[in-house]
Amino acid sequence: MGYLLFLPFLIHGQGGDSATVGIALALLFIGGAFGKATCSRLGERLGVVGSVMLTEAATALLITATLLTPLTPTLILLPLLGIVLNGTSSVLYGTVPELSDGDTGRAFAVFYTSVIGSGGVAPILYGAIADHSTQTIGVLASAATAALIVPLVLTLRPHLSNSTAGPYGQAGVSRHRS
């Protein structure tokens, strides 16, 4: 959500008009739609920890790349960014039952409330960062947040490694349920 706050300004800063902003958002959202399918398959192959590490690292790199590229390459990167931005959640949703200690309904309630709440707070936080520095720093802060997830997700590994409900069991056989 922090990146979405800055995307229209980024596109305008690269010479795009309002129609181009609409195209940019559409490209990002189209990538996001494909991200659900792509990253759930990635989760089957790499497991939760591996796929989240990969997608969050890619998110951070692609956000940063959109700062450094001209308009046309930025537009080309946006569907890829959409895939990893939105796709990570598909993998994470699958961990909720594993980490719920039996009260799956409550775990999903906490998870979704946290996701929606952070989505509401993110534009305020990143906007304040940009207001007290620059738009570029605000965008880099959103990229840094994605990069910060990589070491944090490693703390999930012990809780997921012995689970039979996860995408990979002990023998590495896929046990993902769609």
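All values reported here derive from a predicted model rather than from experimental measurement. Only this structure's heavy atoms are used, side chains among them; waters, hydrogens and symmetry mates stay out.
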Original post:
Within a strict 4.5 Å, meaning less than it, do heavy atoms of the Thr88 and Cys39 side chains meet?
Top reply: no
Subject >> Cluster overlap Leu62 with Ile137, hydrophobic side-chain contacts below 4.5 Å >> reply: yes
Subject >> Closest non-hydrogen atom pair, Thr59 against Ala146 >> reply: CG2-CB, 3.8 Å
Subject >> Closest heavy-atom pair and its distance - Leu77, Ala65 >> reply: CD1-CB, 3.7 Å
Original post:
Using the ring of each side chain (for Trp, its six-membered ring), is Tyr93 parallel, tilted or perpendicular to Tyr112, with breaks at 30° and 60°?
Top reply: tilted
Subject >> Shortest non-hydrogen separation from Ala57 to Val150 and the atoms involved >> reply: N-CG2, 4.0 Å
Original post:
Should Leu92 and Phe108 be counted in the same cluster of Ile, Leu, Val, Met, Phe, Trp and Tyr side chains packed under 4.5 Å apart?
Top reply: yes
**OP:** Please lay out, stage by stage, how Thr136 and Leu67 fare under the test side chain to side chain contact (heavy atoms under 4.5 Å, CB included).
**Re:** CA-CA 7 Å; Thr136 300; Leu67 281 173; 4.1 Å; yes
**OP:** Hey, could you give me each pair passing ring-ring contact (aromatic ring centres under 6.0 Å, His included) that has a residue in residues 5-57? Not counting sequence neighbours.
**Re:** none
**OP:** Taking all non-hydrogen atoms of both residues into account, name the closest pair between Gln14 and Leu71 and its distance.
**Re:** OE1-CA, 3.5 Å
**OP:** Might you work through the ring-ring contact (aromatic ring centres under 6.0 Å, His included) test for Tyr3 and Tyr126, ending with a clear yes or no?
**Re:** CA-CA 8 Å; Tyr3 182 74; Tyr126 293 112; over 10 Å; no
**OP:** Return the minimal non-hydrogen interatomic distance between Ser89 and Lys36, and the atom names on each side.
**Re:** OG-NZ, 2.6 Å
**OP:** Verify the neighbour count for atom CG of Asp131: are there more than 12 heavy atoms of other residues, nucleotides or ligands below 6.0 Å?
**Re:** yes
Subject >> Between Thr66 and Thr74, a side-chain donor and acceptor under 3.5 Å >> reply: no
**OP:** Start with the C-alpha gap between Ser51 and Arg45, add the side-chain angles, then the distance that decides, and say whether side chain to side chain contact (heavy atoms under 4.5 Å, CB included) holds.
**Re:** CA-CA 8 Å; Ser51 58; Arg45 289 195 168 56; over 6 Å; no
**OP:** Can you see which heavy atom on Ala143 is nearest to which on Thr64, and at what distance?
**Re:** CB-OG1, 3.7 Å
Original post:
If you group Ile, Leu, Val, Met, Phe, Trp and Tyr by side-chain heavy-atom gaps below 4.5 Å, do Ile149 and Val96 land in one group?
Top reply: yes
Original post:
Step by step, would you call Leu78 with Leu7 a side chain to side chain contact (heavy atoms under 4.5 Å, CB included)?
Top reply: CA-CA 10 Å; Leu78 288 175; Leu7 184 58; 4.1 Å; yes
Subject >> Nearest-0.5 Å distance that lies between atom CE in Met1 and atom CD1 in Ile124 >> reply: 12.0 Å
Original post:
Quick one: are Gln135 and Leu10 in side-chain contact, heavy atoms under 4.5 Å?
Top reply: yes
Subject >> Leu42 reachable from Ile83 in the ILVMFWY side-chain graph, under 4.5 Å edges >> reply: no
**OP:** Measure the spacing between CG of Leu125 and OG of Ser142 and express it to the nearest 0.5 Å.
**Re:** 10.5 Å
Original post:
Just wondering, do Pro79 and Leu27 contact through their side chains at under 4.5 Å, heavy atoms?
Top reply: yes
**OP:** Please test Leu75 against Thr20 for side chain to side chain contact (heavy atoms under 4.5 Å, CB included), starting from the C-alpha separation and ending with a verdict.
**Re:** CA-CA 9 Å; Leu75 293 173; Thr20 309; 4.2 Å; yes
Original post:
Shared ILVMFWY cluster between Leu85 and Leu140, side chains joined below 4.5 angstrom?
Top reply: yes
